[in-house]
Amino acid sequence: MNKQGRHLVSTVEPGRHQYWGTTNKGPPEHMQSRHPTSAIVVGSGIVGAATAYFLAKRGIAVRLIDATAPAAEATGAADGAVSVASKRPGPMMRAALKGVALYGQLADEGLFAGAFKRRSTYIVASSEEECAVLEAHATALAGAGVRIETLTGANLTSRFAVLSPEARMAVEVHGEGHAIGYQIVHRLLSASGICVERGTRAERLLQDVGAERLTGIATNRGNLSADVVVLAAGNGSADLLGLSAVLTPRKGQLLVTERAPALNASMPGAIMSGRYLLSKGSQKAGHSAPARGLGLVIDPLVTGQFLIGGTREDFGDRQSNDIDAITRILTDAVTLIPGLASLRLLRSFAGVRTAVVDGLPLVGRIPGMQNGFIATGFEGDGICLGPITGKSIVQTICGETPDIDLSPFDPARFSSWGVAA
């Protein structure tokens, strides 16, 4: 225990230490005077890859390690939405706005050129409950400065002719986009020249005895040392920090159709059902999200195919699909876009994302550690927020004001094994 009475991360058996919150008030003195020269990033999903990229851009030597391979977990099984449309009002919506803007900037600069598809998102309501939630959400989006347009009746039919008459209203969210996670990771790693050290499993943090500093990471291949350690390992971060009560795995199921160029071209953007807002809790509607939330997203891909999802599940076999979920997703999809009924389903897959019990990611300094950082718990928002999070973490490491306000995501809001009051 240090002189402030906080427990530090132990170098002995992982998961047996206490974890207490501290305030995240900017970089310590030793990091304000100079940039670090070396860093270890744990996890090569989109957040880890972005962090490594922005570190390397500053000339910092990076070792990027992963227990498996780049984009092998949540990033490789994501829907790819670069979107503010479904974000809850507040810090997540503000962060998403910055995230979408960064994608556009990096696409214009060439890094993401051809890998970021600009398009609108249409949030569609088909029931009174969905309409009520959508109206409230549209107000929140507009209040945050998002360009939206409400469509009903003939205006909706004219704008989105292939949409079913079941649709009662829609809100077009302009300036959105789509990106395939593993392609973005590949761009980031290729541009930075970083090779992922695959099959390297982080086993515990190594602490400078008597100081609030990490010296590195113990792995199955030996100890690694660096000036800075960043944990972007999703659910693996829970094991390293003993945060199983804070971080939880959440399953999602997705589907991909065959190519249908004519139908694909007739869709002016992606569809998100109003029920998706309900399943995600983007707006409070007098209920909490069920243990298995079923929403609907239909995204016309640049290949001419359609990506259809999905579910939000706190239970079940996390490595496979089930016929009940697939049936319900497809039924809802055909109800909104009848033309999908004639298409073959080519692939169904599931992914496991990391969620935080209070619905906000953990991004910032590991409490009690001057040179340890964590960025995880984005659930379905990782593709959108990955690059901006990586950039903001690196800005924090280098003593600069980050592009997004990280205070709402401060890991110090949790103490011990539960949510701080």
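Values below: every heavy atom of this structure, side chains too, minus hydrogens, waters and symmetry copies.
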Flag, side chain of [X] to backbone of [Y], donor-acceptor distance under 3.5 Å:
X      : Y      : answer
Asp299 : Leu301 : no
Ser266 : Leu263 : yes
Glu176 : Arg119 : no
Asn371 : Arg213 : no
Lys98  : Arg94  : no
Thr219 : Thr200 : no
Asn321 : Phe349 : yes
Asn220 : Gly199 : yes
Arg88  : Gly359 : yes
Thr75  : Gly45  : no

**Fill in**
Ala95 meets the side-chain contact (heavy atoms from CB on, under 4.5 Å) criterion, sequence neighbours left out, with Leu385, Ile404, Phe409
If I take atom [atom1] from residue [X] and atom [atom2] from residue [Y], how far apart are they, to the nearest 0.5 angstrom?
X      : Y      : atom1 : atom2 : value
Ile329 : Asp324 : CD1   : CG    : 9.5 Å
Asp332 : Ile271 : CG    : CD1   : 12.0 Å
Ile40  : Leu55  : CD1   : CG    : 11.5 Å
Leu214 : Gln370 : CG    : CD    : 10.0 Å
Ile148 : Thr121 : CD1   : OG1   : 12.5 Å
Leu240 : Glu203 : CG    : CD    : 9.5 Å

How close do [X] and [Y] get, counting heavy atoms only, and between which atoms?
X      : Y      : value
Ile374 : Ser237 : CD1-CB, 4.1 Å
Thr376 : Gly234 : OG1-CA, 3.1 Å
Pro367 : Pro411 : CD-CB, 4.0 Å
Ala144 : Met93  : CB-SD, 3.6 Å

Side-chain heavy-atom pair [X], [Y] within 4.5 angstrom cut-off:
X      : Y      : value
Val229 : Ile366 : no
Cys384 : Ser83  : no
Arg413 : Val356 : yes
Ser392 : Val363 : no
Pro36  : Ile397 : yes
Arg328 : Gln253 : no
Ser126 : Leu336 : yes
Tyr53  : Leu111 : yes

**Prompt:** Any salt bridge (Lys or Arg N to Asp or Glu O under 4.0 Å) pairs touching residues 177-198, not counting sequence neighbours?
**Reply:** Arg63-Glu197
**Prompt:** Any salt bridge (Lys or Arg N to Asp or Glu O under 4.0 Å) pairs touching residues 39-61, not counting sequence neighbours?
**Reply:** Arg58-Glu400
**Request:** Applying ring pair (Phe, Tyr, Trp, His ring centres under 6.0 Å), name anything that partners Phe160, two or more places apart in sequence or on another chain.
**Result:** Tyr122
**Item:** Under the ring pair (Phe, Tyr, Trp, His ring centres under 6.0 Å) test, residues paired with Tyr103 that sit two or more places apart
**Value:** Phe112, Phe116
**Asked** Between Asp208 and Thr215, do the side chains contain an N or O donor and an N or O acceptor separated by less than 3.5 Å?
**Response** no
**Derivation of the side chain to side chain contact (heavy atoms under 4.5 Å, CB included) call for Leu231 and Ile217** = CA-CA 10 Å; Leu231 303 182; Ile217 294 280; 4.3 Å; yes
**With sequence neighbours excluded, residues passing salt bridge (Lys or Arg N to Asp or Glu O under 4.0 Å) with Lys391** = Asp403
**Request:** Would you check, one step at a time, whether the test side chain to side chain contact (heavy atoms under 4.5 Å, CB included) holds for Ile308 with Leu340?
**Result:** CA-CA 10 Å; Ile308 305 174; Leu340 292 172; 4.2 Å; yes
**Asked** Step by step, would you call Glu130 with Met169 a side chain to side chain contact (heavy atoms under 4.5 Å, CB included)?
**Response** CA-CA 9 Å; Glu130 290 179 9; Met169 69 173 289; over 6 Å; no
**Request:** List the steps and the verdict of side chain to side chain contact (heavy atoms under 4.5 Å, CB included) for Arg259 and Thr303.
**Result:** CA-CA 7 Å; Arg259 289 178 173 82; Thr303 59; 4.1 Å; yes
